[in-house]
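Side chains are part of it too, since the values below use all heavy atoms of this structure and drop only hydrogens, waters and symmetry mates. Just so it is clear: chains get the letters A, B, ... in the order the sequence lines come, proteins before strands, and each one is counted from 1.
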2 protein chains.
Amino acid sequence: MDQVELFKALANKTRLQILTWLKSPEEHFPDYEPACGSTDVGVCVGYIQKKSGLTQSTISEYLSTLHRVGLVSATRVGQWTYYKRNEETIATLGSLIDTL
Amino acid sequence: MDQVELFKALANKTRLQILTWLKSPEEHFPDYEPACGSTDVGVCVGYIQKKSGLTQSTISEYLSTLHRVGLVSATRVGQWTYYKRNEETIATLGSLIDTL
DNA sequence: TTGGAATATCGGAAAAAGTCGATATATCTT
DNA sequence: AAGATATATCGACTTTTTCCGATATTCCAA
């Protein structure tokens, strides 16, 4: 786990927002439902993209950034990729701050 | 306290190192002493600069970045500016991670 | 008050990040 | 097999960050 890369990933307003949106999907994604949401695999790219107001390509890249540093997990199901918070990494981040 | 700015400040190898160096100055700065070190105001710019291997202007700017976001305090004494960790902000950062 | 030392600020070149539109890939449906 | 849909990747352009050298500022000492 590269500290600098982790902080870089967090040093962006939209990526931080995504992380908090994913904390309670039901609350942040109105039509969150089994079609492309629900269960516990996470939320698909399209929902996140619409909410962010940025383009599809940008959000896809942001999600891949968050995934690369381990802050979210990605699960492909059919044509959708569901992204979900990786609480383990986030917790590790907390203890990382302590060692700062 | 702007989260994004805080993470940006931490998203740099040298700035992270400075923060850990300042955690135990006696250990990281060989000739740390009253002349330009010691007491508890912190460590002067020159020491940090030499240890980092980067130029004076770069380190001065990095320290001002860390100061701007509140991660360190700065105390001018004569021709020296002493920088010291601001444990309060760092602790706040820890709880900020929890709210992530 | 002049020179030297420590730090800060300015201006710039190069690298990285932000963000887009266009296109490619994968998958589902019919 | 063809078209539609979701996501990923590519190329380009703009903005930001990194890091430097040169210069300015501040303060001390002779």
[X] has an atom [atom1]; how far is it from atom [atom2] of [N], in whole Å?
{"X": "B:Gln49", "N": "C:dA8", "atom1": "CD", "atom2": "P", "result": "12 Å"}
{"X": "B:Ile59", "N": "D:dG21", "atom1": "CD1", "atom2": "C1'", "result": "15 Å"}
{"X": "B:Tyr82", "N": "C:dA6", "atom1": "OH", "atom2": "P", "result": "11 Å"}
{"X": "A:Tyr83", "N": "D:dT7", "atom1": "OH", "atom2": "C1'", "result": "8 Å"}
{"X": "A:Trp80", "N": "C:dC28", "atom1": "CH2", "atom2": "P", "result": "8 Å"}
{"X": "A:His67", "N": "D:dT7", "atom1": "NE2", "atom2": "P", "result": "15 Å"}
{"X": "B:Arg76", "N": "C:dA6", "atom1": "CZ", "atom2": "P", "result": "12 Å"}
{"X": "B:Arg68", "N": "C:dT9", "atom1": "CZ", "atom2": "P", "result": "11 Å"}

How does protein contact run along nucleotides 15-20 of chain C, one letter per nucleotide 5' to 3', with B for base contact, S for sugar-phosphate only, - for none, heavy atoms under 4.0 Å? --SSBB
If we ignore hydrogens and angles and just use 3.5 Å, is the side chain of [X] paired with the main-chain N or O of [Y] as donor and acceptor?
{"X": "B:Lys23", "Y": "A:Thr99", "answer": "yes"}
{"X": "A:Lys84", "Y": "A:Asp40", "answer": "yes"}
{"X": "B:Arg76", "Y": "B:Gly78", "answer": "yes"}

Heavy atoms, side chains only, cut-off 4.5 Å: are A:Tyr62 and A:Ile48 in contact?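 No - every pair of side-chain heavy atoms lies 4.5 Å or more apart.
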Minimum side-chain heavy-atom gap B:Leu10-A:Leu100 below 4.5 Å: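 Counting from C-beta outward, B:Leu10 and A:Leu100 do come under 4.5 Å.
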Can you tell me how far apart CG (B:Leu71) and CG (B:Leu63) are? Round to the nearest 0.5 Å.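 Nearest 0.5 Å value for the CG-CG distance: 11.5 Å.
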Looking only at the side chain of A:Ser60 (C-beta and beyond, no hydrogens), which of the listed nucleotides C:dA8, D:dA6, D:dT7 gets closest?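 The listed nucleotide nearest to A:Ser60's side chain is D:dT7.
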Answer yes or no: are there more than 12 heavy-atom neighbours, outside B:Glu88 itself, under 6.0 Å from its atom CD?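 Counting neighbours around CD of B:Glu88, 12 or fewer heavy atoms of other residues, nucleotides or ligands fall under 6.0 Å, so no.
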Near-strand residues of residues 18-27 of chain B, defined as heavy-atom separation under 4.0 angstrom from DNA chain D: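 None, since no heavy atom is under 4.0 Å.
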If I compare all heavy atoms of B:Arg85 with all of B:Leu19, which pair ends up nearest, and what's the gap?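 Heavy-atom minimum between the residues: NH1-O, 2.9 Å.
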Measure distances between side-chain N and O atoms of B:Gln56 and base N and O atoms of C:dA6, and say whether any donor-acceptor pair falls under 3.5 Å.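 Check fails, no donor-acceptor contact within cut-off.
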Between the base of C:dT7 and the side chain of B:Gln79, is there a donor and acceptor pair under 3.5 angstrom?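 There is none.
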What residues, two or more places apart in sequence or in another chain, satisfy salt bridge (Lys or Arg N to Asp or Glu O under 4.0 Å) together with A:Arg15?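 If we apply the salt bridge (Lys or Arg N to Asp or Glu O under 4.0 Å) test to A:Arg15, skipping adjacent residues, there are no hits.
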